[in-house]
J.: 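Here it is, the structure in full.
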Amino acid sequence: MNHKVLAEDLDRLVARAAFSLREDVKRLIVKAYRVETNKKAKRALGWILDNAKIAQKEKLAICQDTGLPIIFIEAGRDIKLNTCLVDAIKKGVENGYRNNHLRPSLTDPLKRGSSCKGAISYLEFSKAKGLRITLFPKGFGSENKSQLKMFNPTASIDQIEDFVVRVVKEAGPESCPPFVVGVGIGGTSDKSLALAKKALIGRIDKPNSDKVLNSLEKRLVKRINFLKIGPMGFGGGATCLAVKVQKALTHIAGLPVGVNISCHALRSATIKVNIT
């Protein structure tokens with residue numbers, strides 16, 4: 001693999017993720033703007049769209065919080081994966097932040113102080129060919145509102161719904177709504193939270209292919225928007241743009257549910273790297 005080409009691709013990936021609001025997110029904000037009847041809420045949605053337009057045109061960060069860089073790596077069956085390649089991807093993202101003048105936000109959790117460089121990465125293997133890299137710069141205004149609940153296996157879907165709605169209600173206007181809410185059901189405690197985060201990097205304007213999850217997502221959107229927190233906390237109908245749910249097998253003795261919230265500035269970008 002040509003690491004110089006990889007570095008150039010990653011530099012462009014960082015710029016795209018930081019400066020451009022995802023098209024699927026933008027479509028849902030425009031849709032919310034068109035139907036919003038609350039004047040303050042409608043104005044807030046207009047500000048969000050204007051901000052996205054200016055950021056893309058002027059190559060400026062969509063949000064002052066440039067996010068903690070999270071990298072999802074999917075390695076195809078033809079990829080010879082080793083630590084050198086993973087380190088090269090992390091280094092490429094780190095350089096991309098520097099080259100695009102984006103604030104590094106990592107720090108030692110106990111010493112705090114000056115920002116460190118680096119990224120968090122998740123690695124999966126795929127039956128497809130090639131290397132697929134997704135960068136998800138996660139702002140912490142919304143990340144701080146993440147919650148995990150270890151339900152009893154007898155818990156009903158209604159109880160899961162109540163938990164998700166309560167998490168959003170507690171997040172309130174502090175996390176810059178309208179939100180996109182990721183939910184992970186099953187796995188282990190850590191897996192459910194990873195699923196919730198991964199749910200946010202997929203298309204949010206497409207129905208879930210799983211009928212049960214699709215129905216759950218629709219009910220949650222309706223209940224969350226009924227909270228009337230609204231864009232930036234101004235009230236109105238758009239507290240969340242979408243809820244996306246992923247599930248995994250779990251132990252017969254438990255039922256983990258993780259919730260990860262994104263603010264309206266949901267940023268991520270993906271590249272497929274050619275093999276040479």
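In this text, all values refer to a predicted model and were calculated from it rather than measured experimentally. We're numbering straight along the sequence, starting at 1. Heavy atoms only: backbone and side chains are in, while hydrogens, waters and symmetry mates are out.
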J.: Compare all side-chain heavy atoms of K191 with those of P256 and state whether any distance is below 4.5 angstrom.
T.: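 No; the side chains remain at least 4.5 Å from each other.
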
J.: Using atom types as modelled, flag every donor-acceptor pair under 3.5 Å from a side chain in residues 92-99 to any protein atom, sequence neighbours excluded.
T.:
from	atom 1	to	atom 2	distance (Å)
E94	OE2	K91	NZ	3.4
N95	OD1	R98	NH1	3.1
N95	OD1	R98	NH2	2.9
N95	ND2	K91	O	3.4
Y97	OH	T66	O	2.9
Y97	OH	G67	O	3.4
N99	ND2	D11	OD1	2.8
N99	ND2	N95	O	3.3

J.: Is there a donor-acceptor pair under 3.5 Å between the side chain of N100 and the backbone N or O of L102?
T.: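 No.
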
J.: Would you say the side-chain atoms of N144 pair up with the backbone N or O of F140, donor to acceptor, closer than 3.5 Å?
T.: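 Yes; judged by distance alone, with no hydrogens or angles, the pair exists.
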
J.: Who pairs with D9 by side-chain hydrogen bond (donor to acceptor under 3.5 Å, both in side chains), at least two apart in sequence or on another chain?
T.: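 D9 satisfies side-chain hydrogen bond (donor to acceptor under 3.5 Å, both in side chains) with R12 once adjacent residues are dropped.
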
J.: Specify whether F151 and F163 have parallel, tilted or perpendicular ring planes, treating 30° as the upper limit for parallel and 60° as the lower limit for perpendicular.
T.: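 Perpendicular.
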
J.: My understanding is that a hydrophobic cluster links ILVMFWY residues whose side chain heavy atoms are under 4.5 Å apart, including indirect links. Using that, what else belongs to the cluster containing L249?
T.: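 Grouped by the 4.5 Å side-chain rule, L249 forms a cluster of one, so the answer is none.
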
J.: Count the heavy atoms belonging to other residues, nucleotides or ligands that lie under 6.0 Å from CD1 of I157, then report whether that count exceeds 12.
T.: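 Open: at most 12 neighbouring heavy atoms sit under 6.0 Å from CD1 of I157.
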
J.: Same cluster or not: I62 versus I48, using hydrophobic residues (I, L, V, M, F, W, Y) connected whenever any side-chain heavy atoms lie under 4.5 Å apart?
T.: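 Yes; I48 is reachable from I62 via cluster members.
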
J.: Is it the case that the side chain of N38 and the backbone of K40 share a donor-acceptor pair, with hydrogens and angles ignored and the cut-off at 3.5 Å?
T.: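 Yes; judged by distance alone, with no hydrogens or angles, the pair exists.
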
J.: So how far is it from L195 CG to I185 CD1, rounded to the nearest 0.5 Å?
T.: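 CD1 of I185 is found 9.5 Å from CG of L195.
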
J.: Taking atom types as modelled, find out whether K111 and T107 have a side-chain donor-acceptor pair closer than 3.5 angstrom.
T.: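 Checked: K111/T107 side chains show no N/O donor-acceptor pair below 3.5 Å.
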
J.: If you measure from the Lys or Arg side-chain nitrogens to the Asp or Glu carboxylate oxygens, is any gap between K145 and E170 under 4.0 Å?
T.: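 E170 and K145: not salt-bridged.
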
J.: Starting at OH of Y33, measure out to CG of L45 and round the result to the nearest 0.5 Å.
T.: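 Rounded to the nearest 0.5 Å, the OH-CG separation comes to 8.5 Å.
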
J.: Is there a donor-acceptor contact under 3.5 Å from the side chain of E8 to the main chain of V5?
T.: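 Answer holds: no.
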
J.: Show every donor-acceptor pair shorter than 3.5 Å between a side-chain atom in residues 257-268 and any protein atom, with sequence neighbours excluded, or say none if there are none.
T.:
from	atom 1	to	atom 2	distance (Å)
N260	ND2	E143	OE1	2.9
N260	ND2	S146	OG	2.9
R267	NE	A265	O	3.2
R267	NH1	D65	O	3.0
R267	NH2	D65	O	3.3
S268	OG	R22	NH1	2.9

J.: Working to the nearest 0.5 angstrom, can you tell me the gap between D50 CG and I54 CD1?
T.: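 Atom-to-atom, D50:CG and I54:CD1 are 6.0 Å apart.
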
J.: Just checking, is any N or O donor in the side chain of T188 or D190 under 3.5 Å from an acceptor N or O on the other one?
T.: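 Result is yes, a qualifying pair exists.
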
J.: Has R77 got a side-chain atom pairing as donor or acceptor with K127's backbone, closer than 3.5 angstrom?
T.: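 Here the side-chain-to-backbone pair exists.
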
J.: Should K42 and E36 count as an ion pair when the cut-off is N to O under 4.0 Å?
T.: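 Looking at E36 together with K42, the answer is no, because their closest N to O distance does not fall below 4.0 Å.
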
J.: Check this for me: K247, atom NZ, are more than 12 non-hydrogen atoms of other residues, nucleotides or ligands nearer than 6.0 Å?
T.: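 12 or below, so no.
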
J.: Under the side chain to side chain donor-acceptor pair (under 3.5 Å) rule, what do T270 and T134 come out as? Steps first, then yes or no, please.
T.: CA-CA 4 Å; T270 301; T134 298; 2.8 Å; yes

J.: Show, in sequence, the C-alpha distance, side-chain angles and deciding distance for I71 and K90, and conclude whether the side-chain contact (heavy atoms from CB on, under 4.5 Å) test is met.
T.: CA-CA 8 Å; I71 308 168; K90 288 184 176 180; 4.3 Å; yes

J.: Between N214 and P207 (side chain of the first, backbone of the second, donor and acceptor by atom type, cut-off under 3.5 Å), is there such a pair?
T.: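 Not a single qualifying donor-acceptor pair exists.
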
J.: For the CZ atom on R219, are there more than 12 heavy atoms of other groups (residues, nucleotides or ligands in this structure) within a distance under 6.0 Å?
T.: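 Check passes, neighbour count above 12.
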
J.: What residues form a side-chain contact (heavy atoms from CB on, under 4.5 Å) with R27, not counting sequence neighbours?
T.: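 Counting only residues at least two positions away or on another chain, R27 forms a side-chain contact (heavy atoms from CB on, under 4.5 Å) with E23, D24, R203, D205.
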
J.: Measure the spacing between CG of L60 and SG of C63 and express it to the nearest 0.5 Å.
T.: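 The CG atom of L60 sits 12.5 Å away from the SG atom of C63.
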
J.: May I ask you to decide if A155's main-chain N or O and N152's side chain share a donor-acceptor pair within less than 3.5 Å?
T.: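 Pair absent, no side-chain N/O of N152 close to backbone of A155.
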
J.: For residues 229-245, please give each side-chain donor-acceptor pair under 3.5 Å, one per line with the distance, not counting sequence neighbours.
T.:
from	atom 1	to	atom 2	distance (Å)
T239	OG1	I229	N	3.1
T239	OG1	G230	N	3.0
K244	NZ	K206	O	2.7
K244	NZ	E217	OE1	3.4

